[in-house]
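The figures that follow rest on heavy atoms only: side chains count, while hydrogens, waters and symmetry mates do not. Per chain, numbering begins at 1; letters A, B, ... match sequence-line order.
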There are 2 protein chains.
Amino acid sequence: MQQTQPKSPTKIPSDPLQRAWIALGRISQSVQLHVAIALKDAKLPDLQWYTVLWELERAGQPTRPKDLAVPLFILPYQLSRLVDRMEKEELVSRIDCEEDKRGHLLELTVKGLALRKAMWAVYAPAMQQAMGRITDPEALKLAELLYKLGDIENPHGS
Amino acid sequence: MQQTQPKSPTKIPSDPLQRAWIALGRISQSVQLHVAIALKDAKLPDLQWYTVLWELERAGQPTRPKDLAVPLFILPYQLSRLVDRMEKEELVSRIDCEEDKRGHLLELTVKGLALRKAMWAVYAPAMQQAMGRITDPEALKLAELLYKLGDIENPHGS
DNA sequence: CCCCTTATGTTGCATTTGCAACAAAATGCA
DNA sequence: TGCATTTTGTTGCAAATGCAACATAAGGGG
């Protein structure tokens, strides 16, 4: 798993920031793809569906779409249609919201909960396999650098 | 830029690999989005178009689609349609391939070259701004860890 | 209360995508 | 050579997506 493609001169910029940018793009894409393929091979929905299910489960209560859109990093209309499809599969359901008659609350169904668990059984090992080449301390260092890189708060503080 | 959202307990896994996975997903998405928005605001095409133009320019000669698909990390049919659209804009052109009559060679046009440069003028500063919070040594360390994480060869060796 | 502005979601339509089926040239081999 | 297999790339069709326009409720003065 070490030395692949000895070909291609792959002219790489000397600027450290550009090198980090390229590495970030390539590795995240490759690793995401690995997990996505594992899920597809198992005839399971994709990562976005998982994230919706997980956020709802983690919230522990029916949640407004607008509160889900932020952690999901997606636009309202995208979430609207995503929920359409998931509701059709009976994984979530839209229930009335008393405080705000415009919207509604999204509730995880029993089927949705079960699917999230089934997906995790595939997701977790695939992630492990995709990333297993670094040690735990290295993984922590990597997470730290990434949070410093972006302007997203590191949930663990510095 | 430190303490945002004091809300949400944000239960985060203690497993270092999972923490790195989450950081990787969130940060790469956020940073990519920042650059994508900068390009869109400038009425320029997206990153994928840039990458095609850049790979062709870097190759320095007409190139087979199959040789582009690998660095682009995309499937043949995706590239086929991508080239359809770019050819319509006269950014690349399909020219005959003597060695293999099935396919063709992709050639960068003058217009394509100019567009790549115009995009870089927006792309580079946006990238800088999105990632400018880490120092150069940190950026190098980050790139190193990323290449160790994935199984993609680090163009700089270890 | 009425009206204007903002917030929250949804939808029509055109573009894009994924998948599987297809086409055609190259390759291997009997 | 003849013919099956592989490689390279494209396409029909259904599903998904982006964008802008829309619908409806909430909020905020006068």
- [ ] Look at the side-chain N and O atoms of R64(B) and state whether any lies under 4.0 Å from the OP1 or OP2 oxygen of dA25(C).
- [x] no

TODO: Could you check how far CG of L82(A) sits from P of dA15(D), rounded to whole Å?
DONE: 17 Å

- [ ] Return no unless some side-chain N or O of K40(B) is found under 4.0 Å from OP1 or OP2 of dG18(D).
- [x] no

Open item on the list: Tell me if the side-chain of R81(A) makes a donor-acceptor pair with the base of dG12(C), cut-off 3.5 Å, by modelled atom types.
Closed with: yes

TODO: Could you verify whether a donor N or O on one side chain and an acceptor N or O on the other, from T51(B) and Q48(B), lie under 3.5 Å apart?
DONE: no

Open item on the list: Once you apply a heavy-atom cut-off of 4.0 Å, does D100(B) come out as touching a base, just sugar-phosphate, or nothing?
Closed with: sugar-phosphate

Open item on the list: Can you tell me if Y77(B) touches the phosphate of dT17(C), counting only side-chain N or O atoms and a distance under 4.0 Å to OP1 or OP2?
Closed with: no

Task: Options dT17(C), dA26(C), dT10(D), nucleotide nearest the side-chain atoms of K101(B) - done: dA26(C)

Task: 5' precedence on DNA chain C between E99(B) and K66(A) (nearest-nucleotide basis) - done: K66(A)

Open item on the list: For the backbone of Q61(B) and the side chain of T63(B), can you confirm whether one donor and one acceptor N or O come within less than 3.5 Å of each other?
Closed with: yes

Open item on the list: What is the distance, to the nearest angstrom, from the CG atom on D84(A) to the P atom on dA15(D)?
Closed with: 15 Å

Open item on the list: What contact category does Q48(A) fall into here, base, sugar-phosphate, or nothing, at under 4.0 angstrom with non-hydrogen atoms?
Closed with: nothing

Open item on the list: For dA30(C), give the paired nucleotide (Watson-Crick: N1-N3 plus N6-O4 or O6-N4; G-U: N1-O2 and O6-N3; both under 3.5 Å), or none.
Closed with: dT1(D)

Open item on the list: Need one value for P76(A): base, sugar-phosphate or nothing, where a base atom within 4.0 Å counts as base even if backbone is also close, heavy atoms only.
Closed with: base

Open item on the list: So does R94(A) get a backbone contact from the side chain of E87(A), meaning a donor-acceptor N/O pair under 3.5 Å?
Closed with: yes

- [ ] Take L79(A) and E98(B), find for each the nucleotide of DNA chain C with the closest heavy atom, and name the residue whose nucleotide sits nearer the 5' end.
- [x] L79(A)

Task: Nucleotide nearest S80(B) (side chain, heavy atoms from C-beta), chosen from dT8(C), dT10(C), dT11(D) - done: dT11(D)

Open item on the list: Less than 4.5 Å apart, side chain to side chain, heavy atoms only: is that true for R81(A) and D84(A)?
Closed with: yes

Task: dG18(D) OP1/OP2 closer than 4.0 Å to side-chain N/O of Q78(A) - done: yes

Open item on the list: Without decimals, in angstroms, what is the distance between R85(B) CZ and dG18(D) C1'?
Closed with: 13 Å

Open item on the list: Once hydrogens and angles are ignored, does a donor-acceptor distance under 3.5 Å link the base of dA7(C) to the side chain of R102(A)?
Closed with: yes

Open item on the list: What is the distance, to the nearest angstrom, from the CG atom on L75(B) to the P atom on dT10(D)?
Closed with: 14 Å

Open item on the list: Let's see if you can work this out: which of dA25(C), dT17(D), dG9(D) has an atom nearest to the side-chain heavy atoms of H104(B)?
Closed with: dG9(D)

Open item on the list: Whole angstroms only, please: what is the CG-P distance between L39(B) and dG18(D)?
Closed with: 16 Å

Task: Between Y123(A) and W21(B), a side-chain donor and acceptor under 3.5 Å - done: yes

